[in-house]
Amino acid sequence: MERCYRLQKNRAFQYVYRKGHSCACRNLVLLLAPGREKKVGFSVSKKVGNAVTRNKVKRRLRECFRPHLGDVKNGLYVIVARPAAAEATFDTLRKDVAYLLKKQQAFLHEQGTEGNRAR
RNA sequence: CGAGGUGAACAGACGAUCGCGUGCCUGAUGGCAUGAGGAAAGUCCGGGCACCACAGGGCAAGGGUGCCGGCUAACGGCCGGUGGAGGCGACUCCAAGGAGAGUGCAACAGAAAUAAACCGCUGCUUUCGGGCAGUAAGGAUGGAAAGGCGAGGUAAGAGCUCACCCGGGAACCAGGUAACUGAUUCCUGCUGUAAACCCCACCCGGUGCAAGAUGCAAUGGAGGCAAGACGGCGGCCCGCCGCGUUCUCCGCAAUCGCUUGAGCCGUGCGGUAACGCACGGCCUGGAUAGAUGAUCGUCCAGUACAGAACCCGGCUUAUGGUCACGCUCGCUCC
RNA sequence: GGCUCCGUUGUCUAGAGGCCUAGGACGCGGCCCUCUCAAGGCUGAAACACGGGUUCGAAUCCCGUCGGAGCUG
């Protein structure tokens, strides 16, 4: 995922936490705030595990979100990993991300199935 | 075969597809190269580097280290020895100066804790209850009770005397660079604790890359100070300097710092070793919400602990299986 | 990333080498009182973060782990 799609500043994260609308499942929390640009941030706290585990969860989440990057509408997305995400497999996380995005009605077209889109 | 001891290297490999950071090339799509660790960790030490302070000096405080020699940029690290402790052994561990400079403390128990008379023993005396004197051989306590044992000696005893043993100190001799070891003579019998204060020897300015530098915007805002005050000086003193063109504090983002370094590999030489020297070769992360993931295939089918954030040298802690030993002990067989 | 500090019953704490078999308050359990509850009285359980070392003796002193706070852009 390229740099221009990433949510970077701490102030931007605070904005999403304050203004954003959230929904959650067992492993993840997704916050969405309206914005002109399309940016995604990932937040993995120390409760999830040590540095290796946190990095691994973050990379998997980034890989899970990547196929949906062209499908979703503009806005500021923040995905928070809950402690159970450390134990989850990649397949589980991918399904969770798709479920949460659908729940937030973030998709431009009503397709919801991953993998049949071009970048 | 079992139980140990010491040491060493490795940290899954290769090949596809998509994706990420950096560098180079390209007009561009893109292409090529490269991309976490032995502990990157804890932040326990030592440095480099940067800024601040510093004419210079003295005193004091605080902190650290502590057998000897060597290595190192330096170290509280490493190597080799000495001494002590543990183990049948291979071997391992040790903050290991000074208690004869001084002060403090040693609860409880015990008569008594650095100083001695509770019981006992002996002598004298007695109003027969005891009192006085001598005595550390015996008694129970305690971590520790005034060296141990034997003989002489005595009223009873006692290093009071003697022989042997144990410990300490001094002198001298031999070996060793030294710590120290061994021998002789003389003196002596002194509790422990310095990870209690302390003494001795040596070392230490402070802050830390969020250090700091550059450029852009702004040329700002707030406050102190008209004096024997304020600042440098963040402990004190001497001394020196500055002082109205003065002093202190306060902004956002970017770039640099940012990776070639006490570097790594190989060979040879010196040294018991740590290590050093010479020659040849190599370039090997630099992110800034923070780069290594996903799906497969093959192979010992099984990957533990774990993620750089300025950089090095150590220590400590976490952890997987493997190998070597002309290392040890035990059992069995030939 | 850097720096500083702290770990004692369920909670807040006292302690500063031996008085500690660790004290106090709130809380908890049991009994008494009451028609019942509260209050009150009696009583009980419950802790030195962990591992080594110094010392005759460690919650205390030293070292190392683990955990938790705070400051700093």
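Letters A, B, ... mirror the listed sequences (proteins, then strands); counts begin at 1.
By the 4.0 Å N-to-carboxylate-O rule, A:Arg66 lies close enough to A:Glu63 to be salt-bridged with it.
In this structure B:G69 sits in a base pair with B:C79, meeting the Watson-Crick or G-U test at under 3.5 Å. Of the nucleotides present, C:G53 is the one that pairs with C:C61 by Watson-Crick or G-U wobble criteria, both distances under 3.5 Å. If you check C:A69 for Watson-Crick or wobble pairing at under 3.5 angstrom, you find it paired to C:U4. B:C264 and B:G281 make up a base pair, with Watson-Crick or G-U wobble contacts both under 3.5 Å. Pairing for B:G7 is with B:C323, a Watson-Crick or G-U wobble pair whose two hydrogen-bonding atom distances lie under 3.5 Å. Base pairing of B:G15 is made with B:C296, judged by Watson-Crick or G-U wobble geometry with both donor-acceptor distances under 3.5 Å. Nucleotide B:C88: unpaired (no Watson-Crick or G-U wobble partner with both distances less than 3.5 Å). Checking B:A40 for Watson-Crick or G-U wobble geometry (two distances, each under 3.5 Å) identifies no partner in any strand.
Going from atom CD of A:Gln104 over to atom CG of A:Leu31 covers 8.0 Å, rounded to the nearest 0.5 Å. Rounding to the nearest 0.5 angstrom, the gap separating the SG atom in A:Cys23 from the CD atom in A:Gln105 is 10.0 Å.
Applying the 90° criterion around 0 to the glycosidic angle, B:G159 comes out syn. In textbook terms, a nucleotide whose glycosidic angle is within 90° of 0 is syn, while B:A40, being further out, is anti. Look at B:G38: its glycosidic torsion is within 90° of 0, and that puts it in the syn range. With a glycosidic angle further than 90° from 0, B:U135 counts as anti. Within 90° of 0 lies the glycosidic angle of B:G129, which makes this nucleotide syn.
A:Thr53 pairs by the side-chain hydrogen bond (donor to acceptor under 3.5 Å, both in side chains) definition with A:Asn50, not counting sequence neighbours. Considering only residues two or more places apart in sequence or on other chains, A:Ile79 meets the side chain to side chain contact (heavy atoms under 4.5 Å, CB included) condition with A:Leu28, A:Leu30, A:Phe42, A:Leu61, A:Phe65. For A:Arg54, the side chain to side chain contact (heavy atoms under 4.5 Å, CB included) partners are A:Val44, A:Lys46, A:Val48, A:Ala51, not counting sequence neighbours. Contacts of A:Asn74 classified as side chain to side chain contact (heavy atoms under 4.5 Å, CB included), with partners at least two apart in sequence or in another chain: A:Lys38.
Taking atom P on both B:G104 and B:C197, the two are 16 Å apart, rounded to the nearest angstrom. Taking atom P in both C:A45 and C:G24, the straight-line distance is 13 Å, to the nearest Å. With both ends at atom C1', the span from B:A41 to B:C305 equals 10 Å, rounded to whole Å. Between B:G66 and B:G77, the two P atoms lie 7 Å apart (nearest whole Å). For the C1' atoms, the distance from B:A227 to B:G242 is 15 Å, rounded to whole Å. Taking the P atoms as reference points, C:A49 lies 30 Å from B:G62, given to the whole Å. Atom name C1', nucleotides B:C67 and B:U82: the rounded distance is 7 Å, in whole Å. Separation of the P atoms belonging to B:C10 and B:A28 is 43 Å when rounded to the nearest angstrom.
Heavy atoms of other residues, nucleotides or ligands lying less than 6.0 angstrom from OH of A:Tyr99 number 12 at most.
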Check nucleotides 292-296 of chain B for protein N or O atoms closer than 3.5 Å to its own N or O atoms and list the pairs.
from, atom 1, to, atom 2, distance (Å)
B:U292, OP2, A:Arg59, NE, 2.9
B:A294, OP1, A:Arg60, NE, 3.2
B:A294, OP1, A:Arg60, NH2, 3.0

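Residue A:Lys58 is the one, among A:Lys58 and A:Asn55, whose nearest nucleotide of RNA chain B lies closer to the 5' end (criterion: closest heavy atom). Projected onto RNA chain B by closest heavy-atom contact, A:Ala51 and A:Ser43 fall at different nucleotides, the more 5' of which corresponds to A:Ser43.
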